[in-house]
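Worksheet: the structure to be examined is printed underneath.
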Amino acid sequence: MNLRFLEAFHWAVSLQSVTRAAERLHLTQSALSARIAALEQELGVVLLDRRDKQQFRLTQAGQRFHGLAQQMLRLQRQVKEEMGRHGEGADKEAGPRRPVPLRIGAIESVLHSWLSDWLLSVRETLPDFELALTVETSLELVEQLRRGQLDLVFASLPAADTAALRSRPLPSMPMACLGPQSLPPLPGRRRRYRLKDLAGQELLTFQRGSQPHQALLQLFQDAALEPPRIHTISSIAAMLQLVQAGFGIATLPLAVAQRVVQQQMPAVALQILPCNFELAPLLMHASYRPDPASGLIEELLASALPFAEQG
């Protein structure tokens, strides 16, 4: 039984689409359909219900066989891993390996904190990888993962934990207020900003409806304070430019704010404002689509955890 045919069938089922499975395996749709048809002919059963062109469906035989196909692909992976440990020199005569494509998605908070450090470490252990990085909102990243366009995403929302998708929480990111050092000094001997002080300022946070935006509104509501004008900005780079221009005070992940303060130019000096209240942390999740034929995504996720913990 050709394992490539099993792989074609598995990805069609996992992505609920022959078209998306063909894109995932870099095949034409007709080539992937031919592999599944050859598998059906070999098994003597129909695996896909092709009566409804608008909806992907498995036959009862297809449902039973998918579990067996996953077991066979996992066994193939175990054999490769085991023989790889003891087969020194086995690849000496093989030609140059093709780059390993890594389709990763991340929200801006991850991009501006620990993502670059992690990717540099990945290059040390997997030097032949080819990165395809997508930076988007959490909703869009999860949707692209669902459609099979991404393999691993770091977002503030989890993907639905199903047979096709997996999600696990990451350390949350503490939030901080970032403003220009030219802000007027606090009155009296006070050294910390109160929420009431910020009510007199214009605030910048992430896009409307995002977790930080909703948490900021809730903070003022719980304190029975009228919220100030809150500007919603989808880009951290744009938010920083506006703060530097004196447009308002930004609420950002602490790790991002610390990097900005450390790397900034004196002419546009910013500061992390000391506050006597806490902003709700930004919850983080890693979501991915398991591949029974490869443990690469799980290994990458494990390697990312220490960087996510450090921020």
Side-chain angles (χ1 to χ4, degrees), residues 1-84 98 100-105 132 134 140-155 157-169 285-302:
M1 186 173 294
N2 194 317
L3 291 172
R4 289 182 298 174
F5 296 174
L6 294 178
E7 187 178 34
F9 175 67
H10 162 73
W11 283 109
V13 176
S14 180
L15 297 172
Q16 294 289 288
S17 167
V18 171
T19 301
R20 290 199 292 266
E23 293 173 353
R24 173 66 175 73
L25 296 175
H26 306 289
L27 299 171
T28 63
Q29 184 174 338
S30 59
L32 190 128
S33 296
R35 291 186 179 187
I36 295 176
L39 191 59
E40 290 176 318
Q41 184 175 7
E42 182 178 357
L43 294 171
V45 295
V46 176
L47 300 174
L48 300 185
D49 186 342
R50 297 175 174 83
R51 291 174 296 180
D52 187 351
K53 301 296 183 181
Q54 303 301 317
Q55 187 173 4
F56 184 92
R57 287 183 180 176
L58 290 175
T59 63
Q60 289 187 352
Q63 293 173 5
R64 294 197 306 271
F65 182 69
H66 185 228
L68 296 172
Q70 288 179 302
Q71 292 179 32
M72 295 176 72
L73 289 171
R74 281 193 291 266
L75 181 59
Q76 176 204 30
R77 166 182 158 188
Q78 292 171 7
V79 170
K80 284 184 175 180
E81 290 174 351
E82 182 64 24
M83 297 309 296
R98 294 178 60 186
V100 178
L102 297 183
R103 304 181 303 168
I104 295 172
T134 298
E140 179 61 26
L141 291 175
V142 170
E143 177 61 21
Q144 289 193 31
L145 177 69
R146 188 191 67 79
R147 294 198 303 260
Q149 296 169 334
L150 294 172
D151 301 315
L152 173 64
V153 302
F154 301 105
L157 296 173
D161 201 345
T162 64
L165 299 177
R166 293 284 185 271
S167 186
R168 63 169 296 171
H285 302 268
S287 301
Y288 63 98
R289 186 179 299 277
D291 183 351
S294 170
L296 176 60
I297 297 300
E298 287 89 343
E299 292 173 7
L300 286 172
L301 178 53

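- The two atoms that bring I36 and R50 nearest to each other are CG2-NH2, 3.9 Å, heavy atoms only.
- Taken to the nearest 0.5 Å, the CZ atom of R289 stands 9.0 Å off from the CG atom of D151.
- No side-chain heavy atom of D291 sits under 4.5 Å from any side-chain heavy atom of L296.
- Checking side-chain atoms of S14 against main-chain N and O of H10 turns up no donor-acceptor pair under 3.5 Å.
- When atom types are taken as modelled, the side chain of E40 and the backbone of L47 share a donor-acceptor pair closer than 3.5 angstrom.
- When all heavy atoms of L43 and M1 are compared, the closest pair comes out as CD2-CE, 3.5 Å.
- Side chains of R147 and E143 form a contact here, defined as non-hydrogen atoms less than 4.5 Å apart.
- Side chains of T134 and I104 form no contact here, defined as non-hydrogen atoms less than 4.5 Å apart.
- Between the side chain of R57 and the backbone N or O of D49, no donor-acceptor pair lies under 3.5 Å.
- The two atoms that bring A159 and S287 nearest to each other are N-OG, 3.0 Å, heavy atoms only.
- Each of Q71, Q70, H66, M72 was compared with L6 under the side-chain contact (heavy atoms from CB on, under 4.5 Å) criterion, and only M72 meets it.
- Using a 4.5 Å cut-off on side-chain heavy atoms (C-beta onward), L73 and Q76 make contact.
- Residues P290 and R166 come closest through the heavy atom pair CG-CG, 3.5 Å.
- Among all heavy-atom pairs drawn from R24 and W11, the shortest one is NH2-CZ2, 3.5 Å.
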